[in-house]
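Basis for what follows: all heavy atoms, side chains included, without hydrogens, waters or symmetry-related copies. Bear in mind the structure is a predicted one, so any value in this text is a computation, not a measurement.
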Amino acid sequence: MQRIWRLLHWRYLTREQIKGFDNYKYSAIDTSPLSQHVMHPFWDWLVKFFPRWFAPNLMTFLGFLFSVMNLVLLSYYDWNFEASSGEEGTTPIPKWVWLSAAINIFVAYTLDGIDGKQARRIGLSGPLGELFDHGLDSYTAMIIPTCLYSIFGRSRVYSVRPMRMYYVCLTVYFNFFVSHWEKYNTGILYLPWGYDLSMWGSTAMYMFTWWAGFERWKFELPLGSLGTLPLGNVMEAVLHVSAMANLPLVILNVYNSYAQRTGRLLSAWEALRPMWPFVTYFVLLLVWPFLSPNDIMERDPRAMFMLSGTIFSNVSCRLIVSQMSVTRCEAWHWQTPMFVMSLLASLWLPSLERPLLYTLLIVTTLTHWHYGASVVNQMCEHFNRVCFTVHKRVTHLEWQQQEQQKSLQDHHTEQSGTTVKQD
């Protein structure tokens with residue numbers, strides 16, 4: 001039982017990372033006109049209606065659950081992305097689901113926008129809230145494009161096939177990851193414009209689908225002598241462009257941090273170190289559909305979308321921990337051998353491919369949830385916070401005594417290690 005308890009309360013954060021969070025100061029730049037001139041004034045007005053006992057982290061988590069609700073609803077009614085294809089034998093998604101999706105995504109966007117304002121309003125802003133917020137945002141990077149795909153479905157004429165939508169998902173993951181890699185090197189989070197546009201665009205598309213029906217998206221734009229362009233392809237292009245438009249600015253900001261000596265000034269190897277886990281999974285999860293003996297992307301695209309989104313969320317969370325605590329990021333992710341072995345086993349015994357895919361999805365999801373819950377619990381313990389309330393865990397005096405005891409234990413451990421080296 002003691003081993004199980006230790007496993008459930010695993011301490012992922014090192015003492016060095018914990019100390020790094022003690023010195024953390026929020027630094028972000030938001031230049032989006034939509035955000036500055038429309039959303040921030042709206043959020044500043046709206047947050048005043050929330051009681052001061054409403055915890056900012058609770059806002060963050062509720063907003064995330066509204067996004068998850070969209071994923072659950074659309075997974076239930078459209079697991080294989082065929083409901084809106086218009087093909088024979090398919091059952092359309094109920095119209096109320098689209099209205100619900102529009103409301104959910106806008107509420108999620110709003111709560112994500114006011115959680116930080118609520119934290120500053122009641123004096124609870126700090127690294128715990130930012131880590132919690134960005135950690136859940138990394139998961140949302142999978143939810144948004146996956147849900148949007150249900151509007152068009154896998155129509156052979158008016159939309160794109162699952163593999164091409166998979167490319168869109170990978171592009172979105174890359175955009176999110178590279179924004180935090182940028183902060184890892186510069187110390188500043190430059191908020192991309194694409195996020196606000198994607199949330200407004202998603203809300204509008206869901207509302208239009210509820211009002212006019214998914215059939216309204218089934219037409220092609222005339223391009224004169226070039227032929228026609230289906231709206232599904234337009235959506236694909238817009239998502240790619242909105243995701244990748246931030247990349248030139250990322251490169252420029254990182255370059256300027258070296259030229260002006262304002263960033264961490266890491267060596268080229270250390271600056272690129274966080275990229276290796278991302279690139280490893282990027283290659284593995286691209287190779288799998290191409291080598292799949294069962295054409296797994298056509299057979300079960302949603303499982304592939306969710307698996308890739310979950311593992312990239314975990315890799316992103318580990319980067320966020322490192323950049324916020326100003327510690328060295330991991331260059332290797334512990335689950336990589338599992339993915340490699342699953343891919344090889346699928347090629348060797350094709351009948352195992354789908355069971356292995358779902359096993360990986362379940363294991364990756366549970367371990368990611370465990371990582372997130374354990375890290376948040378560890379942060380709450382260190383900062384004497386209760387995650388979803390505004391209260392302290394213990395009195396200030398008791399917390400000081402606990403911190404002194406931990407410092408003494410760390411000092412004793414360091415002395416013991418020094419003695420062993422001398423011997």
Ala101 backbone acceptor or donor facing Asn70 side chain under 3.5 Å: yes
Note, Phe174 side chain near Leu247 side chain (heavy atom, < 4.5 Å): yes
Reported NZ-to-OG distance for the pair Lys218 and Ser159, which is rounded to 0.5 angstrom: 6.0 Å
Exam field: side chain Ser100 to backbone Trp96, donor-acceptor pair closer than 3.5 Å: no
Of all pairs that satisfy ring pair (Phe, Tyr, Trp, His ring centres under 6.0 Å), the ones with a partner from residues 233-264, not counting sequence neighbours: none
Aromatic ring pairing Tyr139/Phe64, orientation class (parallel under 30°, perpendicular over 60°, tilted between): parallel
Polar side chain donor-acceptor pair, Ser325 to Tyr24, under 3.5 angstrom: no
Check: Thr367 side chain, Thr364 main-chain N or O, donor-acceptor pair, under 3.5 Å: yes
Flag side-chain contact, heavy atom, 4.5 Å: Ser313 against Phe176: no
Between Thr60 and Asp115, a side-chain donor and acceptor under 3.5 Å: yes
Under 3.5 Å side-chain donor-acceptor pair for Tyr173 and Ser308: yes
Aromatic Tyr184 / basic Arg273 pairing, under 6.0 angstrom, 45° off normal: no
Verdict with reasoning, Asn185 to Arg264, per side-chain contact (heavy atoms from CB on, under 4.5 Å): CA-CA 6 Å; Asn185 286 282; Arg264 295 180 65 185; 5.8 Å; no
Student check: side-chain heavy atoms of Trp210 and Val97 closer than 4.5 Å: no
Separation of Thr262 OG1 from Ile188 CD1 (nearest 0.5 Å): 6.0 Å
Exceeds 12 heavy-atom contacts within 6.0 angstrom, atom CZ of Phe278: yes
Electrostatic pair Arg154:Glu87 at N-O distance under 4.0 angstrom: no
Residues Met199, Asp112; criterion side-chain contact (heavy atoms from CB on, under 4.5 Å); working and verdict: CA-CA 11 Å; Met199 299 303 276; Asp112 187 45; over 6 Å; no
Check: Tyr281 ring centre within less than 6.0 Å of His333 ring centre: yes
Qualifying residue for side chain to side chain contact (heavy atoms under 4.5 Å, CB included) with Leu191, from Asn246, Asp30, Ile29: Asp30
Residue Met207 excluded, over 12 heavy atoms near CE under 6.0 Å: no
Test ring-ring contact (aromatic ring centres under 6.0 Å, His included) applied to Phe208 and Trp217, step by step: CA-CA 9 Å; Phe208 182 81; Trp217 298 102; 5.1 Å; yes
Note, Val168 side chain near Met235 side chain (heavy atom, < 4.5 Å): no
Ser292 side chain vs Trp288 backbone, donor-acceptor pair below 3.5 Å: no
Donor-acceptor contact below 3.5 Å, side chain Trp181 vs main chain Ala271: yes
Side chain to side chain, Val376 and Met379, heavy atoms closer than 4.5 Å: no
Side-chain donor/acceptor of Asn377 to backbone N/O of Ala373, under 3.5 Å: no
Val178 backbone acceptor or donor facing Lys183 side chain under 3.5 Å: no
ring-ring contact (aromatic ring centres under 6.0 Å, His included) assessment of Phe305 paired with Phe81: CA-CA 12 Å; Phe305 291 2; Phe81 302 106; 5.5 Å; yes
Centroid-centroid distance, Tyr109 to Tyr195, less than 6.0 Å: yes
Salt bridge (charged side-chain N to carboxylate O under 4.0 Å, His left out) evaluation trace for Arg328 with Glu16: CA-CA 10 Å; Arg328 198 181 191 206; Glu16 182 187 7; over 6 Å; no
Candidate pair Tyr158 and Leu231, rule side-chain contact (heavy atoms from CB on, under 4.5 Å), full reasoning: CA-CA 6 Å; Tyr158 300 105; Leu231 272 189; over 6 Å; no
Worked check of side-chain contact (heavy atoms from CB on, under 4.5 Å) between Glu381 and Arg11: CA-CA 11 Å; Glu381 180 183 316; Arg11 305 181 77 80; 3.2 Å; yes
Under 3.5 Å donor-acceptor, Gln378 side chain and Tyr12 backbone: yes
Backbone of Thr14 reached by a side-chain donor or acceptor of Gln17 within 3.5 Å: yes
Can you give me every donor-acceptor pair (side chain of residues 142-150, partner residue at least two apart or in another chain, under 3.5 Å) with its distance?
from, atom 1, to, atom 2, distance (Å)
Thr146, OG1, Met142, O, 2.7
Tyr149, OH, Val160, O, 2.6
Ser150, OG, Asp78, OD2, 2.9

Closest non-hydrogen atom pair between Val363 and Met338, with its separation: CG1-CE, 3.5 Å
Any side-chain heavy-atom pair of Phe339 and Leu307 under 4.5 Å: yes
Short side-chain to backbone donor-acceptor contact, Ser257 and Val254, under 3.5 Å: yes
Contact check, side chains of Asn314 and Arg318, non-hydrogen atoms, under 4.5 Å: yes
Residue Trp79 excluded, over 12 heavy atoms near CH2 under 6.0 Å: yes
Note, Thr91 side chain near Tyr77 side chain (heavy atom, < 4.5 Å): no
Residue pair Tyr358 / Asp300, side-chain donor-acceptor N/O under 3.5 Å: yes
